[in-house]
Trainee: 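Structure provided below as structure tokens; questions to follow.
Each chain gets a letter, A, B and so on, in the order its sequence line appears, and its residues count up from 1. Computed from a prediction, not measured in an experiment: that's the story for all the values here.
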There are 4 protein chains.
Amino acid sequence: MPRAVRERQMLDAAVRTFGQRGYRAASMDEIADLAGVSKPLVYLYLNSKEDLFTACIRREAQALTAAVREGVRPRLPADRQLWEGLRAFFSHTAQNPDGWAILHLQARTHGEPFAAEVSAMREEIVAFVTRLIAVAARDARRDPSLPEHEVAGLAEALVGAAESLAAWANAATGVSARQAAATMMNFAWAGLGDLMEGRSWSEQR
Amino acid sequence: MPRAVRERQMLDAAVRTFGQRGYRAASMDEIADLAGVSKPLVYLYLNSKEDLFTACIRREAQALTAAVREGVRPRLPADRQLWEGLRAFFSHTAQNPDGWAILHLQARTHGEPFAAEVSAMREEIVAFVTRLIAVAARDARRDPSLPEHEVAGLAEALVGAAESLAAWANAATGVSARQAAATMMNFAWAGLGDLMEGRSWSEQR
Amino acid sequence: MPRAVRERQMLDAAVRTFGQRGYRAASMDEIADLAGVSKPLVYLYLNSKEDLFTACIRREAQALTAAVREGVRPRLPADRQLWEGLRAFFSHTAQNPDGWAILHLQARTHGEPFAAEVSAMREEIVAFVTRLIAVAARDARRDPSLPEHEVAGLAEALVGAAESLAAWANAATGVSARQAAATMMNFAWAGLGDLMEGRSWSEQR
Amino acid sequence: MPRAVRERQMLDAAVRTFGQRGYRAASMDEIADLAGVSKPLVYLYLNSKEDLFTACIRREAQALTAAVREGVRPRLPADRQLWEGLRAFFSHTAQNPDGWAILHLQARTHGEPFAAEVSAMREEIVAFVTRLIAVAARDARRDPSLPEHEVAGLAEALVGAAESLAAWANAATGVSARQAAATMMNFAWAGLGDLMEGRSWSEQR
DNA sequence: TATGAATGAGCATTCATTCAT
DNA sequence: CATGAATGAATGCTCATTCAT
């Protein structure tokens with residue numbers, strides 16, 4: 001069996017195990033078993049538990065950013081791009097709960113080698129959102145009087161809100177990716193103040 | 001030395017160790033050392049690692065909710081209450097990074113006995129926010145045409161955004177609790193859309 | 001509360017705990033709790049776990065030998081003395097299962113300081129039986145052509161059989177001390193060979 | 001080194017350690033040391049201390065019953081079968097003092113999982129003796145007017161006597177298996193009463 | 001007389017990791 | 001390419017025992 005395939009099996013098993021048990025509670029024995037190979041082979045291919053976990057994080061991070069990137073049509077107005085990105089995000093996390101658990105919970109919880117890995121991805125997403133906000137500001141013919149720093153904070157908050165909603169939507173049965181995205185747009189774009197006045201964000205214009 | 005004092009020392013040491021190392025990686029030996037007592041005493045007073053961690057979660061959760069509750073003056077308009085709550089929240093988390101790490105990261109990452117504990121606290125905060133939104137809607141003389149479910153999602157998103165900003169503010173040096181709270185208000189109350197048009201939320205009116 | 005009474009309470013608790021849990025599994029904590037006193041007091045009165053266990057063994061051994069001694073009228077013929085001794089033995093062990101467990105199981109299982117203690121008692125009983133056999137032989141006007149050594153073996157076997165029956169009678173519901181003693185007499189006095197021929201031992205002559 | 005061999009070594013070491021120290025006092029460290037392997041290997045092969053002890057009991061129980069079974073020629077008269085069985089029994093226990101200590105003392109002293117294991121073996125032996133008694137009764141052309149229950153008691157007493165003699169013979173130097181068996185036959189078959197009259201059981205008729 | 005507070009030492013168990021084949 | 005065999009190092013937890021009061 002070619003190496004690439006074996007490696008994929010191992011990563012699949014590892015993602016599942018790490019996602020469900022957590023980094024420390026997952027044992028290499030269980031992962032090897034689930035992958036259907038012997039433990040030494042896992043070490044031969046992936047060196048150590050740490051490296052294996054890092055590989056999981058990287059793969060899942062790339063899968064997530066790719067899904068979001070592919071979900072967004074870059075020519076649309078900023079709010080529409082955000083809308084599409086959010087839909088892709090909620091959709092992907094709902095379909096890959098173990099991967100999402102690794103990125104959102106495990107990697108950040110278990111210290112330096114891993115937190116850095118996931119931060120890279122997060123920054124990519126934050127940068128994407130930051131760019132959207134800048135574009136929107138330009139389209140509104142406004143000088144970016146919002147300072148850099150403030151924009152970064154807004155993006156951070158937006159991403160955090162989305163992450164939180166992802167967990168909520170996954171847990172609360174019956175909340176679709178679309179609904180979660182709609183809630184996010186209302187919250188982030190329209191703002192609570194506007195919502196109070198009866199103005200909510202809407203996909204149609 | 002009286003029991004109550006010793007117990008406090010142990011909890012302090014445990015919060016610090018759990019917060020920095022994580023639940024699994026923290027060893028009872030290290031906690032006992034840091035508390036300046038022998039391991040058996042930790043077991044005598046706090047029964048088990050699980051119970052000790054639960055006690056940490058409970059203490060930190062109560063400290064956090066108490067801080068927020070005390071920071072809010074209940075007669076003010078909803079947005080002002082939110083503003084004050086956020087300031088208290090960011091302030092408390094900045095001053096108790098280990099406690100916040102336990103609540104935000106560790107407890108949620110390590111499965112059922114603990115996740116439930118922190119969920120209770122989180123629900124209390126979400127309920128507080130939900131109530132604020134409802135009050136704001138009433139004050140704006142709007143029928144609560146925002147459905148229950150949508151409000152829950154908004155509150156969830158708001159809390160998630162705040163949690164995310166807390167981590168960000170703690171990490172990025174030089175962001176004060178006040179600044180973080182302002183960013184949150186802009187984000188949550190004014191909304192990105194308004195911000196684009198130059199309307200941001202402001203403490204003065 | 002006078003020392004003697006306290007000490008009795010402790011020994012009672014210890015016998016029960018050792019009898020039910022075993023020497024190693026019984027904890028000084030549990031014994032102190034059951035006795036209703038603090039642990040240091042147990043140490044003050046009885047020095048150590050080892051000494052405490054030894055004290056239990058001694059007390060129960062004396063109680064058992066006393067019960068047997070008091071049950072036997074020394075002027076009767078040998079077989080009647082044996083009969084009475086067996087009844088007293090089965091009766092006492094049935095009423096003190098924990099004490100009997102200590103003597104029969106725990107003390108012999110846990111090595112030297114204790115095994116010696118119970119051996120002393122056992123030898124006393126074996127000596128009693130040996131004497132009975134010798135008396136019976138004299139009464140039958142037979143030279144003791146049974147060698148010393150053989151007699152010791154017989155006595156040992158008899159005591160072993162009785163001990164075994166005690167456990168069996170205690171476990172099998174509905175076997176009285178009297179029945180157990182009768183079985184023993186049939187077995188030991190009449191012998192299987194005689195039983196086969198229809199001759200069994202009988203209390204009435 | 002192949003697994004089966006290693007496993008035997010471990011069981012040998014365990015039987016010796018459990019037999020001499022007792023179940024609780026024996027440490028897995030000591031057993032592993034004595035077996036010449038590391039502790040994790042013991043766990044890998046035998047799961048837990050409890051399982052290891054159970055495996056010891058089972059192995060020794062089977063060895064003992066096999067030795068007795070093989071020592072008995074089934075066509076002989078009942079008393080001769082008993083004689084042969086006893087010789088095999090005393091011989092085996094004398095040669096395996098640690099195994100015998102496990103079966104006779106340790107297993108019965110340490111509660112349910114183990115006591116049940118050894119009870120099974122004991123019942124097999126008691127059943128064998130019971131059958132012998134029944135056969136002897138038939139051969140003597142006697143109705144089995146000995147009630148079931150009485151026979152069970154007799155068998156129990158006989159086995160107990162033998163167990164007791166085994167310990168005695170092992171301790172008292174210079175008592176051979178043959179002598180112990182002879183004493184048992186005199187005791188059990190002839191009965192003390194007969195012995196008093198000068199009639200003892202004899203191998204020759 | 002009696003106890004609350006405290007600990008040194010040990011034990012069963014697990015796990016990431018490595019050889020020799 | 002793949003594995004059966006093996007281990008050093010921790011870790012959670014318990015227990016007999018002792019002071020200071």
Trainee: Please pick, from dT17(E), dT3(F), dT1(E), the nucleotide with the shortest atom-to-atom distance to any side-chain atom of Tyr45(C).
Mentor: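 Nearest listed nucleotide: dT1(E).
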Trainee: Figure out the CG/P separation between Asp33(B) and dG12(F), and round it to whole Å.
Mentor: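 Taking CG of Asp33(B) and P of dG12(F), I get 13 Å after rounding.
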Trainee: Which residue lies toward the 5' end of DNA chain F, Pro40(B) or Ser38(A), if each is placed at its nearest nucleotide?
Mentor: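 Upstream on the strand: Ser38(A).
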Trainee: Considering every strand and a 4.0 Å limit on heavy-atom distances, what is the contact class for Arg6(D): base, sugar-phosphate, or nothing?
Mentor: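 Here Arg6(D) touches the backbone only, sparing every base.
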Trainee: The side chain of Leu41(D) is closest to which nucleotide in this list: dA12(E), dA2(E), dA6(F)?
Mentor: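 That would be dA6(F).
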Trainee: Can you tell me how the ring of Tyr23(B) sits relative to the ring of Phe53(B), calling it parallel under 30°, perpendicular over 60° and tilted otherwise?
Mentor: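 Because their plane-to-plane angle is under 30°, the rings of Tyr23(B) and Phe53(B) count as parallel.
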Trainee: Strictly under 6.0 Å, is that where the ring centroids of His104(A) and His104(B) end up?
Mentor: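 No; His104(B) has its ring centre 6.0 Å or more from that of His104(A).
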Trainee: Relative to Phe114(B), does Arg108(B) satisfy both conditions: NZ or CZ under 6.0 angstrom from the six-membered ring centre, and within 45 degrees of the ring's axis?
Mentor: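 Not flagged: Arg108(B) not positioned over aromatic ring of Phe114(B).
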Trainee: Could you identify the nucleotide paired to dG4(E), looking across every strand shown and requiring Watson-Crick or G-U wobble geometry with both distances under 3.5 Å?
Mentor: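 The base-pairing partner of dG4(E), which may sit in any strand shown, is dC19(F).
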Trainee: Check whether any side-chain heavy atom of Leu52(B) sits under 4.5 Å from a side-chain heavy atom of Met28(B), and report yes or no.
Mentor: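 In short, these two side chains touch, coming nearer than 4.5 Å.
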Trainee: Go through dA12(E), dA16(F), dT13(E) for me and flag the one nearest to the Lys49(C) side chain.
Mentor: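 Closest nucleotide among those given: dA16(F).
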Trainee: In whole Å, I'd like the distance from the CD atom of Glu50(D) to the P atom of dC11(E).
Mentor: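 Distance, rounded to whole Å: 18 Å.
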Trainee: Look at Tyr43(C) and dC19(F) and indicate whether a side-chain polar atom (N or O) is within less than 4.0 Å of OP1 or OP2.
Mentor: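 For dC19(F), OP1/OP2 do not have a side-chain N/O of Tyr43(C) under 4.0 Å.
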Trainee: Base of dT3(E), side chain of Lys39(C) - is there a donor-acceptor contact under 3.5 Å?
Mentor: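 Looking at the base of dT3(E), it does not pair with any donor or acceptor on the side chain of Lys39(C) (distance under 3.5 Å).
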Trainee: Name the residue closer to the 5' end of DNA chain E, choosing between Asp29(D) and Met1(B) according to the nucleotide with the nearest heavy atom.
Mentor: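 The 5'-side residue here is Met1(B).
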Trainee: Remember a base hit wins even if backbone is also touched, and classify Ala32(A) as base, sugar-phosphate or nothing at under 4.0 Å, heavy atoms.
Mentor: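 Answer is nothing: Ala32(A) stays at 4.0 Å or more from every strand.
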Trainee: Please report the distance, rounded to the nearest Å, between CG in Leu46(D) and P in dA5(F).
Mentor: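 Rounded to the whole Å, the gap is 14 Å.
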Trainee: Rounded to whole angstrom units, what separation is found between the CG atom of Asp51(C) and the C1' atom of dT18(F)?
Mentor: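 For the pair Asp51(C) CG and dT18(F) C1', the rounded distance is 16 Å.
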Trainee: For Tyr45(C) and Met10(C), which heavy atoms make the closest approach, and how far apart are they?
Mentor: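 Minimum heavy-atom separation between Tyr45(C) and Met10(C): CD2-CE, 3.6 Å.
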Trainee: Expressed as a whole number of angstroms, how long is the span from Arg21(B):CZ to dA10(F):P?
Mentor: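 Rounded to whole Å, this separation is 13 Å.
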Trainee: Write down the distance between CG (Leu52(C)) and P (dC15(F)), rounded to a whole number of angstrom.
Mentor: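 It is 16 Å, rounded to the nearest whole Å.
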Trainee: Closest-nucleotide mapping onto DNA chain F: is Ser48(C) or Leu44(D) further toward the 5' terminus? I mean the 5' end.
Mentor: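 The residue whose closest nucleotide sits nearer the 5' end is Leu44(D).
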Trainee: Let me know the distance between CG of Asn47(B) and P of dC13(F), rounded to the nearest Å.
Mentor: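 Nearest whole value for this atom pair: 10 Å.
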Trainee: Mind checking Ala25(A) for me? I need base, sugar-phosphate or nothing, with any heavy atom below 4.0 Å counting as a touch.
Mentor: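 Contact class for Ala25(A): none.
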Trainee: Rounded to the nearest angstrom, tell me the gap between atom CZ in Phe18(B) and atom P in dT11(F).
Mentor: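 One finds 13 Å between P of dT11(F) and CZ of Phe18(B), rounded.
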